[in-house]
Number of protein chains: 2
Amino acid sequence: MAERYLRSIRLLAECFHAFERQSGANIRCRTGLTPSQFDIIATLGNTCGMSFKELGERTLITKGTLTGVIDRLEEKGLVTRVTQVEDRRSTLVKLTAAGDAEFHRVFSQQIAFGKQSFVNYEAQDFDALDRELTKLHANLTGSEPKQKY
Amino acid sequence: MAERYLRSIRLLAECFHAFERQSGANIRCRTGLTPSQFDIIATLGNTCGMSFKELGERTLITKGTLTGVIDRLEEKGLVTRVTQVEDRRSTLVKLTAAGDAEFHRVFSQQIAFGKQSFVNYEAQDFDALDRELTKLHANLTGSEPKQKY
DNA sequence: TATTGTTATACTCTATAACTATA
DNA sequence: TATAGTTATAGAGTATAACAATA
């Protein structure tokens, strides 16, 4: 007999993949950014920038990979590297003016796009979903979820 | 004001990431399978096989890409191609005995590990969670979730 | 010695378009 | 003509390990 929880986890994974792939396809279609690049731009948006280390932890991209992703974003003029004076091993990555403009343009597009999936949702639908997900998260990690966006 | 749905999507992503981390630095590392390859194995598990077309639709991998992914799984001896007699354009992809064994091996590992996270869940807790996730999936994809595991 | 980021390697995924075989 | 799958192409992501500079 299959364990009861597997059905729930499978549903969770399918929902996440469905959203990720939909939004990933949308990003590739409507912007010149890959999902990883978008993740970086979204993470840097509305911040003063952050180190490779922090950026890697937030986006779950390993440092060797991150170097290449940042290289490409720098070539596009969307981010810059700034060596830190306090600790010269560390490099700050931040959005350029163009990167910030792109962030607001793309992010608002992305919000508008994702919104389409929830046209049938009323306040109580969101509440019910959030309640179950928050409970699930608490059981998975023993803690409250962190706010990323 | 941030769109209401963003909170729910963020929760979804955090739950998924939490589960992946919890389930032991994720199945993919332990199996030697890439995410796409694992997706194929999981999709083919407990089925009689399916065509490239159907497999592509389920996993959202485009046909050109799918050829390469299936090639690598075939090299590993986990899947086979079977030309269809009814329509010789179509090719059935199915798990080999080794692929089926791998599917069940990973599956049982997942059962044993993930179970711990749900010690507090009763039947009605699972039902409530599944109800919300099924509704979410329907809105994200316009269809019922496909059973993968 | 430990940490931060880079480089090198080798592989995989990705979309797209042109192609072959079959219908 | 249309469909199923393959091949070719050119990029991008991925993990890993070895490396340099700095602490």
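Keep in mind that what you see is a predicted model, and the values were worked out from it rather than measured. Residue numbering restarts at 1 for every chain, and letters A, B, ... go by the order of the sequence lines.
Taking 4.0 Å as the cut-off between side-chain N and carboxylate O, B:Asp127 and A:Arg7 do not count as a salt-bridged pair. Contact check on B:Arg72 versus B:Glu75 returns no salt bridge, with no Lys/Arg side-chain nitrogen under 4.0 Å from an Asp/Glu carboxylate oxygen.
Using a 4.0 Å heavy-atom distance criterion, A:Thr65 is classed as a base contact. Among the protein residues, A:Thr67 comes within range of the nucleic acid bases, having at least one heavy atom under 4.0 Å from a base atom.
Applying the salt bridge (Lys or Arg N to Asp or Glu O under 4.0 Å) criterion to A:Lys76, with sequence neighbours excluded, gives no partner residue. Considering only residues two or more places apart in sequence or on other chains, A:Asp100 meets the salt bridge (Lys or Arg N to Asp or Glu O under 4.0 Å) condition with none of them. Partners of B:Arg81 by side chain to side chain contact (heavy atoms under 4.5 Å, CB included), not counting sequence neighbours, listed by chain and number: B:Phe52, B:Thr67, B:Ile70, B:Asp71, B:Glu74, B:Thr91.
Through chains of ILVMFWY side-chain contacts below 4.5 Å, B:Leu92 is grouped with B:Val82.
Rounded to whole angstrom, the span from the CD atom of B:Glu54 across to the P atom of D:dG5 amounts to 10 Å. The interatomic distance linking B:Ile40 (CD1) with C:dT12 (P) rounds to 15 Å, in whole Å. Atom CG in A:Leu66 sits roughly 15 Å away from atom C1' in D:dT16 (whole-Å rounding). Rounded to whole Å, the distance from CE on B:Met50 to P on D:dG5 is 12 Å. Separating the CG atom of A:Leu92 from the P atom of C:dT4 is a distance of 14 Å, rounded to the nearest angstrom. Distance, A:Leu33 CG to D:dG11 P: 17 Å, rounded to whole Å. Taking atom CD1 on A:Ile70 and atom P on C:dT7, their separation rounds to 14 Å, with Å as the unit. Rounded to whole Å, atom P of D:dG11 lies 16 Å from atom CG of A:Asp71.
A:Leu66 is listed as a side-chain neighbour of A:Leu55, based on a closest heavy-atom distance under 4.5 Å.
If A:Lys53 and B:Arg72 are placed on DNA chain C by their nearest nucleotide, the residue sitting closer to the 5' end is A:Lys53.
Other residues, nucleotides and ligands contribute only 12 or fewer heavy atoms inside 6.0 Å of the NZ atom of B:Lys94.
The aromatic rings of B:Phe126 and B:Tyr121 are tilted relative to each other, their planes meeting at an angle between 30° and 60°.
The side chain of A:Ser90 contributes an N or O atom lying less than 4.0 Å from OP1 or OP2 of C:dG5.
Looking at residues 74-84 of chain A, you'll see that no heavy atom sits under 4.0 Å from any atom of DNA chain D.
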Problem set entry | Base versus backbone protein contacts along nucleotides 17-23 of chain C [heavy-atom cut-off under 4.0 Å; B, S, -] | -----BS
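In this structure, the nucleotide among D:dA15, D:dG5, C:dG5 sitting nearest to the side chain of A:Thr62 is D:dA15. Checking D:dT16, C:dT12, C:dG5 against every side-chain atom of A:Phe52, the shortest atom distance belongs to C:dG5.
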